[in-house]
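The chain is numbered in sequence order, starting from 1.
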Amino acid sequence: MTGIAPHREYTDRLAAGEVPFQTCDRCHAAVFYPRVICPVCGAVELSWSQSAGLGTVYSASVLSPREGPPYTVVLVDLDEGFRVMSTVVEVPAEDVRIGARVRGRVDQDGPSGPRVVFTVDEEGRG
């Protein structure tokens, strides 16, 4: 574990273009959102890893704001074993399906700074 606060380490890694998460050195659980203690076994020995960004849409909701186009809010199960909340970009919100394979990337221009967003893998379209 580094001396940097977990949230700061996470945002620094996002800014560097990584899709970061932590791994427990004791029980090997994938840990997300960043924290100082493993939620599975209570260990404080957590290491940083970089996700390949590949995952599956677990849940999808279309939000239709009064102003602006509809967008999705998704829960994605990453292949490394953790779940994130985000959005799917580059396809109409109504076309995002539960079970679709997606690929994460860092959007450096997010509304509050860098954030992970997803695109649907070509094989996952339909």
Discussion item. I'd like to check the side chain to side chain donor-acceptor pair (under 3.5 Å) partners of T72; sequence neighbours left out, ordered by chain and number.
Written reply: T87
Check residues 50-58 and write down every donor-acceptor pair under 3.5 Å in which the side-chain atom is one partner and the other belongs to a residue at least two apart or another chain.
from : atom 1 : to   : atom 2 : distance (Å)
S51  : OG     : G53  : N      : 2.8
S51  : OG     : E80  : OE1    : 2.8
S51  : OG     : E80  : OE2    : 3.3
T56  : OG1    : R101 : NH1    : 2.9

Fill in: side-chain contact (heavy atoms from CB on, under 4.5 Å) against P70, all qualifying residues, sequence neighbours excluded
V62, S64, A93, E94
Item to complete: Could you walk me through whether V96 and V91 pass side-chain contact (heavy atoms from CB on, under 4.5 Å), step by step?
Response: CA-CA 7 Å; V96 177; V91 296; 3.8 Å; yes
Worksheet item: What are the two closest non-hydrogen atoms of V102 and V120, and how far apart are they?
Response: CG1-CA, 4.1 Å
Discussion item. Going by the rule side-chain contact (heavy atoms from CB on, under 4.5 Å), which residues pair with H28 if we only count those two or more places apart in sequence or in a different chain?
Written reply: none
Item to complete: Could you name each residue pair satisfying salt bridge (charged side-chain N to carboxylate O under 4.0 Å, His left out) that touches residues 109-119, not counting sequence neighbours?
Response: D107-R115
Fill in: Residues clustered with I98, ILVMFWY side-chain links under 4.5 angstrom
none
Fill in: side chain to side chain donor-acceptor pair (under 3.5 Å) partners of S59, counting only residues at least two apart
none
Worksheet item: Among all residues two or more places apart in sequence or in another chain, which pass the side-chain contact (heavy atoms from CB on, under 4.5 Å) test with S112?
Response: none
Worksheet item: Where do A60 and V74 come nearest, in terms of heavy atoms and distance?
Response: CB-CG1, 3.9 Å
Worksheet item: To the nearest 0.5 Å, how far apart are CD in E9 and CD in Q22?
Response: 8.5 Å
Discussion item. Evaluate R105 against V89 for side-chain contact (heavy atoms from CB on, under 4.5 Å), listing each step before the verdict.
Written reply: CA-CA 10 Å; R105 65 173 171 79; V89 296; 3.6 Å; yes
Worksheet item: Excluding sequence neighbours, so at least two apart, what forms side chain to side chain donor-acceptor pair (under 3.5 Å) with R26?
Response: none
Worksheet entry | Any side-chain donor near an acceptor of the partner, T23 and S47, under 3.5 Å | no
Item to complete: Sequence neighbours left out, what pairs pass ring-ring contact (aromatic ring centres under 6.0 Å, His included) with at least one residue falling in residues 98-117?
Response: none
Practice prompt. Any ring-ring contact (aromatic ring centres under 6.0 Å, His included) involving residues 64-85? Give me the pairs, sequence neighbours left out, ordered by first then second residue.
Written response: F21-F82, F32-F82
Practice prompt. Any chance you could measure E90, atom CD, to D95, atom CG, to the nearest 0.5 Å?
Written response: 13.5 Å
Worksheet item: Partners of V40 by side-chain contact (heavy atoms from CB on, under 4.5 Å), sequence neighbours excluded?
Response: C27, A29, C38
